[in-house]
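Here the structure comes first, spelled out in structure tokens, and everything after it is commentary.
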Amino acid sequence: MEGLYIDGGRPLTGTVEISGAKNAALPILAATMIHGGVYTIHRCPDIADVALAGEIIETLGGRVERRGGSLVVDTREARGDAIPGALMGKMRASVLFLGALLARFGRAALTAPGGCPLGRRPIDLHLDAMARLGASVVLQEGAIFCEAPCLHGAVIELLFPSVGATENVLLAAVSCKGTVVLQNAAREPEIADLIGFLQAMGAEIAGTGTDTLTIRGGAPLRETTYTVMPDRIEAATFLCACAGCGGEILLSGADGRHLGPVLDALTDAGCRVCRGRDTVTLQTQGRLRAVREIETAPYPGFPTDVQAPMMAALLRAQGESRFSETIFEKRFAHVAQLRRFGAEIEVVGAGARVRGVAALEPARVEGTDLRGAAALVIAALQAPGRSLVLGLGHLRRGYDHLEEKLRALGANVAVKPVES
Ligand code: EPZ
């Protein structure tokens, strides 16, 4: 087993090139299955979840080739409409192939997706929406069989602005006979990126960035080339790391427009933040101040994926910071591990209170989800001495070349085999 050894207690200074967004690249890769063609996806992050999406495409008969920072996907020969449970169970985004397979083949056989253990994470909104488009949905011993000889137009109102359900509707609707109006759609920037890719394929979609999307199905589709948006959650993670450790960083290739509530919280904490055209800089100015209230919400609210990294950044802030997690019912698994560094955190229901401590001590900890593991790295970077973070597999799923980027900022980190 390998672990990330971190000699913490030093500031972070330097520049980080932000990679393409995991949560945009994954639905875009699913979209390549809708129409047989050769697609070149630039700024495609080199992470485990993208590799897994490629494996799913190859299982379905497609071909995927990485060329540096780009992925070339050939789905002309794809014929499969069934995804093995072993692949489905490895990440949440595997469910996005449902809409794409229905659009292409009119049928899909899959199982419930995997993904970070953040609560129940049902897919009822996805399946209900597919049924509204005319698909029959049969659940049988854990397997899901969807048949849709002819997807048709519909008006669908999501009970909750689910990111994945919004994406599945977009993926299926482009091949519908008729017009689909999706109400209470999620507005995350990654959805705008998926829409941009589908429009580049020839799809006719209106309402980008709003909670009502209109898709005029049946437009002729074509292969295309596309550049994935920068990863706002990776950007936020590095900003939180620098805020927690002290120092000054410049994120290049970052889009500050997607980070409003995160930059506001870091400014409230006493950081000097500056947004450029495609850069974001952060400079700390002494000990951070606690942030009174951070409540996660669907975009454009504070992103739930930044709750854990922000909590880690505020572990040594002066005063008490309060978090409220409204999106996932179990997204405080990182708290018990953060306490091992000496953090003072109290969890009551969906809320957490962080009382800033003067210093953190090194610890041996284990991440159990992607963003929670990132929070443990941020805490270890602040603790003078040697810490060990286990659960590398979680980090590998969503952060592209994390160690190299941290070392470029002056951090002393290394992946090594773990003495038992
Ligand atoms: C996407 O997950 C992201 N994953 C998550 O990022 C992110 O945390 C989440 O959106 C919220 O922003 C990808 O894009 C691959 P949801 P998703 O459907 O689509 C409930 C990361 O770290 N719900 O908006 O699964 C659900 O249980 C990951 O990169 C239903 O009840 O999020 C949750 O409580 C973690 N029924 C809430 O809605 C459904 O059918 C939000 O889920 C679907 C969702």
Side-chain angles (χ1 to χ4, degrees), residues 19-31 45 47-50 52-53 56 88 90-99 112-132 137 139 144 156-171 182 184-194 211 228-229 231-237 258 261-262 296-310 325-331 333-334 350 367-375 391 393-400:
S19 300
K22 164 177 89 81
N23 292 345
L26 294 172
I28 285 170
L29 287 170
I47 55 177
D49 275 11
V50 164
L52 184 60
I56 290 175
M88 284 298 299
K90 288 184 178 171
M91 70 173 172
R92 178 74 178 180
S94 54
V95 74
L96 300 177
F97 284 87
L98 169 61
C116 291
L118 308 173
R120 272 186 339 104
R121 302 191 81 178
I123 58 169
D124 54 322
L125 300 178
H126 298 243
L127 300 180
D128 293 350
M130 295 305 106
R132 296 276 296 111
V137 178
L139 307 179
I144 304 162
I156 301 172
E157 180 169 5
L158 291 177
L159 290 177
F160 175 87
S162 155
V163 171
T166 300
E167 291 165 343
N168 249 332
V169 170
L170 283 163
L171 292 164
L182 179 61
N184 199 24
R187 297 165 50 197
E188 273 67 5
E190 292 77 16
I191 287 167
D193 219 29
L194 171 61
D211 64 359
V228 176
M229 64 175 270
D231 193 320
R232 62 189 171 105
I233 308 300
E234 182 196 27
T237 303
H258 299 151
V262 174
T296 64
Y299 194 88
F302 189 95
T304 174
D305 292 347
V306 184
Q307 177 254 107
M310 182 63 75
E325 173 56 60
T326 71
I327 304 293
F328 290 104
E329 65 270 26
K330 283 197 184 130
R331 197 164 200 173
H334 47 281
T368 53
D369 65 84
L370 169 57
R371 309 304 175 184
H394 295 291
L395 291 168
R396 293 267 179 273
R397 288 189 48 207
Y399 289 101
D400 189 349

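Counting starts at 1 for both ligands and their atoms, in listed order.
- Polar contact check, V163 against ligand 1: a nitrogen or oxygen pair lies under 3.5 Å apart.
- By the criterion of a heavy-atom distance under 4.0 Å, the side chain of R331, and not its backbone, is placed next to ligand 1.
- With a 4.0 Å heavy-atom cut-off, ligand 1 is reached by the backbone of L125 and by its side chain too.
- At a heavy-atom distance under 4.0 Å, atoms from both the backbone and the side chain of R121 approach ligand 1.
- Among the atoms of P161, none of the N or O lies under 3.5 angstrom from an N or O of ligand 1.
- In this structure, L370 and D305 have side chains that are not in contact, with every pair of non-hydrogen atoms separated by 4.5 Å or more.
- Within the structure, the closest approach of A165 to ligand 1 does not fall below 4.0 Å when heavy atoms are considered.
- Between S162 and ligand 1, a contact under 3.5 Å exists for at least one N or O pair.
- Ligand 1 does not have R120 within reach: every non-hydrogen atom of the residue lies 4.0 Å or more from it.
- When only interatomic distances are considered, the shortest N/O to N/O separation between G164 and ligand 1 falls below 3.5 Å.
- At under 3.5 Å, not a single nitrogen or oxygen of E167, backbone or side chain, sits near a nitrogen or oxygen of ligand 1.
- At a 4.0 Å heavy-atom cut-off, ligand 1 does not touch M91 at all.
- Residue L370 has no nitrogen or oxygen atom sitting less than 3.5 Å from a nitrogen or oxygen atom of ligand 1, judged on distance alone.
- Salt bridge absent: K22 and E190 never bring a charged side-chain N and a carboxylate O closer than 4.0 Å.
- Taking a distance limit of 4.0 Å, we find that atom 20 (C) of ligand 1 is approached by no protein heavy atom.
- The closest protein non-hydrogen atom to atom 8 (O) of ligand 1 is D305 OD1, 2.6 Å.
- Using a 4.5 Å cut-off on side-chain heavy atoms (C-beta onward), N23 and E188 make no contact.
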